[in-house]
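Below: the structure, in structure tokens.
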Amino acid sequence: RADAAMQHAKDSGRGNRQFYATSMEASALDVLHQERLLRDAIAHNDFVLHYQPQIGLADGTLQGLEALVRWRHPERGLVGPDEFITFSESRGLITPIGRWVMREACRQLKAWQDQGLARVPVAVNLSALEFRQRDVAAEIAAVLQETGLAPQYLEIELTESVLMHQTGQTLNTLHAVKALGVGISIDDFGTGYSSLAYLKRYPIDKLKIDRSFVTDIPDKADDVAIVTAIIQMARSLQLKTVAEGVETQGQIELLTELGCDVIQGFVVAVPMDAQATGSWLQR
Ligand code: C2E
Ligand code: MG
Ligand code: MG
Ligand code: MG
């Protein structure tokens, strides 16, 4: 919309100034409106978690479930995280959302365990900002205590941007999380500033190979080379690999051949709400 507004302003020549002022006011109002809706959503927990299964390539068994947040937006229906996580961060509203996600994921997994479903971990995403702002280890310890979930059934997914801040703080927090018995995965691996040194220095368990490298295998030689290299490197560092966004049988075949451990993607299942996930787990 900003592009369209800019083009319109250029096209209409002289009236630019006026047009601009008006369109900027409108967008500021929209930001305020969205912020108000988001605050309401936080007050009422108007979020839901969807869960996407992760499957072991060796034996086809369930290895984990990733929790993915959605906002029950009063005007737009279910809104995905790409549309509000960054916005929430910019308005200083990410912390309560992230806390809700962590608690809800642990509560739900414990409920499934009590029903004899899901003997696998749930993975929760934490943005770099959340990781810096929150006392993640203490919060996790409290949530595990409160929900009764055993620590080996929780994993956190962090992007490489977390590791780039090479502060003692980052290292301490990661070690504290690890000491609890909680797993640590690097999400979207290969899209940030990957470095063997980070992987060696930090107590990481899994690399999640970004979907952008998986999409065009086995056809694109470059992507095949990249995925091969990531899997080999992960193996020699004793890290597990998860391929993200797997959609085809051809991808599964190559990933199996390369020794990838786990796949996640539409070929297995799309992210499902808690009820659908429960039924899926029963089958
Ligand atoms: P992500 O952690 O890399 O999650 C995978 C994303 O890929 C999900 O999008 C999922 O629906 C999508 N996906 C899974 N399989 C396939 C596939 O086969 N093909 C395609 N095209 N897409 C697939 P989603 O749910 O929209 O989440 C987007 C991103 O938002 C996530 O990427 C994650 O970075 C972030 N996110 C999600 N939940 C949370 C959360 O609770 N907190 C934070 N901080 N970030 C979250
Ligand atoms: Mg993730
Ligand atoms: Mg990812
Ligand atoms: Mg992503």
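Counting starts at 1 for both ligands and their atoms, in listed order. Note that the structure is a prediction, hence the values are computed from the model and not measured.
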Stepwise ring pair (Phe, Tyr, Trp, His ring centres under 6.0 Å) test for Phe87 and Trp71:
CA-CA 12 Å; Phe87 179 72; Trp71 171 11; 7.8 Å; no

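Contact atoms of ligand 1 toward Glu130: 43 (C), 44 (N) (distance under 4.0 Å to a heavy atom of the residue).
In this structure, His50 does not count as a contact residue of ligand 1, since none of its heavy atoms falls inside 4.0 Å of the ligand. Taking a 4.0 Å cut-off on heavy atoms, Pro271 registers as neighbouring ligand 1.
Taking 2.8 Å as the criterion, Asp188 does not count as a coordinating residue of the Mg ion (ligand 2), since none of its N, O or S atoms falls below it. Among the backbone and side-chain atoms of Ser185, no N/O/S atom is found under 2.8 Å from the Mg ion (ligand 2).
Between Lys206 and Glu155 there is a salt bridge, since a side-chain N of the basic residue sits under 4.0 Å from a carboxylate O of the acidic one.
Within 6.0 Å of the CG atom in Asp114, the count of heavy atoms belonging to other residues, nucleotides or ligands exceeds 12. Atom NZ of Lys240 has 12 or fewer neighbouring heavy atoms from other residues, nucleotides or ligands inside a 6.0 Å radius.
Closest heavy-atom approach to atom 45 (N) of ligand 1 within the set Thr191, Val69, Asn125, Thr86: this belongs to Asn125.
Note: the hydrophobic cluster containing Leu180 also contains Phe131 (ILVMFWY, side chain heavy atoms under 4.5 Å, direct or indirect links). Following chains of ILVMFWY side-chain contacts shorter than 4.5 Å, one cannot reach Leu68 starting from Phe189, and the two form parts of different hydrophobic clusters.
An N or O contact shorter than 3.5 Å is missing between Val101 and ligand 1 by distance. Remark: ligand 1 and Gln264 share no N or O pair separated by less than 3.5 Å (distance only, no angle test).
Between OD1 of Asp187 and OE2 of Glu244, the angle at the Mg ion (ligand 3) works out to 90°, rounded to 10 degrees.
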